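A short write-up of the structure that comes next.
Below, all heavy atoms of this structure are taken into account, side chains as well, without hydrogens, waters or symmetry copies. Since the model is a prediction, treat every value here as computed from it, not as a measurement. Naming: A, B, ... by sequence-line order, numbering from 1 per chain.
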Amino acid sequence: MIILDKDQMRRNTAIFPMSSAMKLTGLTARQIRYYESLSLISPERTPGNHRIFSMNDLDILLSIQNYMEKGFTMKRIGEILNEPHKVDTPEILKYNEYQRPLLNRGDLSRFFQ
DNA sequence: TTTCTAACA
DNA sequence: TGTTAGCA
């Protein structure tokens, strides 16, 4: 199927400015820009060159937070997110069990821990 | 006023 | 990563 799922399209719609990404993920602008440089996320840009994030971008950012909390290095996280074939290691699978549910179904509980 | 890039402590 | 300078 060439056309993405309706929901997937909406989740890929970029509308959040840096300030929103920072509040929603708890990350600093510096960190977010750094992760983009590692191709972990690919936010769109406004005509003025300002980044605009989609829900999927934020979701990835949240996942990065999870991995960091579990002690993964940015190098390792980069491999995990950019090269799926490296994810099937006992090491990763073990931690994936603790991954929180993705940003969907209107579940906002993740924002209130 | 907010965000951006680049670069240095 | 933090922070700051100088732009847009």
Can we say A/E44 and A/R51 salt-bridge, meaning some charged N sits less than 4.0 Å from an Asp/Glu carboxylate O?
-> no
Atom CZ of A/R51 and atom P of B/dT3 are separated, to the nearest Å, by 11 Å
Basic-acidic side-chain contact under 4.0 Å: A/E79, A/R76 = yes
Could you let me know what B/dT2 is paired to, Watson-Crick or G-U wobble, both distances under 3.5 Å, or none if it's on its own?
-> C/dA8
Contact list for DNA chain B against residues 26-35 of chain A - heavy-atom distance below 4.0 Å | A/R30, A/R33
Is the centre of the A/Y67 ring less than 6.0 Å from the centre of the A/F72 ring?
-> yes
Starting at atom NZ of A/K23, determine the distance to atom C1' of B/dT2, rounded to an integer number of angstrom.
-> 13 Å
Reckon A/S19 has a side-chain N or O less than 4.0 Å from the OP1 or OP2 of B/dT3?
-> yes
Tell me which of A/M74 and A/H50 sits closer to the 5' end of DNA chain C, going by the nucleotide each one is nearest to.
-> A/M74
Where the side chain of A/M68 is concerned, which of B/dC4, B/dT3, C/dT1 is the nearest nucleotide?
-> C/dT1
Rounded distance in Å - CE (A/M22) to C1' (B/dT1) = 14 Å
Could you let me know what C/dT1 is paired to, Watson-Crick or G-U wobble, both distances under 3.5 Å, or none if it's on its own?
-> none
Between A/D57 and A/S54, do the side chains contain an N or O donor and an N or O acceptor separated by less than 3.5 Å?
-> yes
Backbone N/O of A/T28 and side chain of A/Q31: donor-acceptor pair under 3.5 Å = yes
When rounded to whole Å, the CG to P distance for the pair A/N49 and B/dT2 reads 18 Å
Partner of A/I52 by side-chain contact (heavy atoms from CB on, under 4.5 Å), out of A/I15, A/T13, A/T46 | A/T46
